[in-house]
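Note: hydrogens, waters and symmetry copies are ignored here, and every other heavy atom, side chains too, is used. Chain letters run A, B, ... following the sequence lines, proteins first, then strands; residues in each count from 1.
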Amino acid sequence: MITSDDIRTIIQDTVLGFDVSTLRDDQTFRDAGIDSLDFINILFAVDERHGTHIPDDRVKECNSIQAILDFVNDPAHAA
Amino acid sequence: MSSQNRESPGAQLRGAAAGAPVGIRAVSVYRPDQAVDTLQAAVGLQADPDFVTEKIGLLHLSRMAAGQDTSDLATAAARRLFQDHGLDPAAVQCLVLVTQNPDRRGLPHTSAVVHQALGLASGCAVFDISLGCSGFVHGLAVASAFMQAQGFANGLLLTADPYSKIVDPADRDTALLFGDGASATWLSNEPVWRLGPCDFGVMSSQHEALHVNAQGRLVMNGRAVFNFAASQVPQSVNRLLARVGLSMDEIDLVLLHQGSRYIVEALAKRIGAPNKAPFVATAYGNTVSSSVPMLLAEHVPEDARRLLLCGFGVGLAWASCLLEKAR
């Protein structure tokens with residue numbers, strides 16, 4: 001099971017100068033000021049570190065920590 | 001001659017042709033004077049100027065003039081090489097041009113057009129190679145092996161891939177990235193840089209991630225290209241280093257394809273070379289197969305002894321190699 005802290009660690013490693021403690025789980029990345037390049041880098045790191053596969057047609061919905069967790073922890077989406 | 005000492009005809013032929021190892025003697029580049037200001041273009045595309053400056057990092061994109069074509073860019077780079085480095089055009093035995101945006105539709109091959117413009121000898125071997133951002137390293141390996149097999153002393157490897165011919169100025173995914181330009185590399189059997197081992201590959205399942213559509217416009221899946229580069233480039237670099245038993249500490253400079261500031265910095269971090277892989281294309285853009293030779297021509301310090309080059313993109317293909325100072 002991937003946790004909120006796992007995703008937060010990735011964001012901290014990926015987004016230069018971003019204070020992840022200010023980000024709520026349900027806040028969209030866009031609202032938090034995370035741009036499209038950092039967003040795809042975050043999704044890449046999630047897939048790489050946790051062996052998940054977020055397909056292109058599901059990217060838009062994975063727009064917050066909670067949305068990523070809902071997707072990758074759903075047994076129906078196991079890679 | 002006794003039959004004992006006589007070589008087979010095949011061996012004689014091989015002996016007659018094979019020459020000394022071929023490497024890089026010198027590199028020159030050409031970029032048109034005109035340029036697109038990406039911060040101005042960003043206004044019409046509703047792109048965030050901070051994003052353009054800090055993430056894409058390409059503030060101007062070189063643009064060839066109306067009436068210029070791919071062969072003109074390649075010819076200009078080659079003329080600069082002749083002038084700046086003293087290569088005699090009459091001594092050029094082969095001319096290899098890397099491009100996927102040839103003059104007209106690629107027939108005749110653009111290298112033949114360049115050959116005529118440069119006034120090279122009719123006995124000079126001339127051909128195009130169809131590759132994108134990995135094209136310089138692929139071309140280096142192909143042309144140097146070709147020259148060595150034929151015993152050639154001097155050759156030209158040119159890159160010229162003006163994406164302004166295929167980019168849709170209204171497409172925010174691609175309109176703020178690509179600049180026009182060309183490079184000319186003098187390949188010689190008296191090299192300054194010896195070509196070491198290479199690592200090649202292609203993730204062909206993703207070939208649609210960068211393609212030209214039926215309307216003749218470039219289409220890019222940015223996420224697929226990023227994922228490809230972030231996964232394959234570090235593996236390629238690590239394979240290459242492992243193959244020769246070197247660590248990144250023993251590489252003086254890493255010349256990565258200049259896709260954008262973000263991809264160069266992300267890859268530099270992932271390969272453990274955050275201070276060795278410069279991003280330098282701010283003033284002219286992503287020049288596709290010319291980006292690595294532009295780095296080689298303009299950003300390698302005199303005391304550098306060992307370089308790692310990596311191009312990646314269209315295909316989605318990658319090509320990495322090591323260069324070592326010969327003298």
Side-chain (B:Glu250) to main-chain (B:Ser247) donor-acceptor, under 3.5 angstrom: yes
Per-residue contact mode, B:Ser231 against chain A (heavy atom under 4.5 angstrom): both
B:Asp50 versus chain A, the contacting section by heavy-atom distance below 4.5 Å: neither
Side chain / backbone / both / neither for A:Asp47 at chain B, heavy atoms under 4.5 Å: side chain
Passing candidate, ring pair (Phe, Tyr, Trp, His ring centres under 6.0 Å) with B:His257, options B:Phe136, B:Phe279, B:Phe312: B:Phe312
4.5 Å side-chain heavy-atom contact, B:Ser130 and B:Gln100: yes
Pick from A:Thr14, A:Leu43, A:Val59, A:Asp38 with the largest number of heavy-atom pairs that fall under 4.5 Å of chain B: A:Asp38
side-chain hydrogen bond (donor to acceptor under 3.5 Å, both in side chains) between A:Asp19 and A:Thr22, intermediate numbers included: CA-CA 6 Å; A:Asp19 180 2; A:Thr22 64; 5.1 Å; no
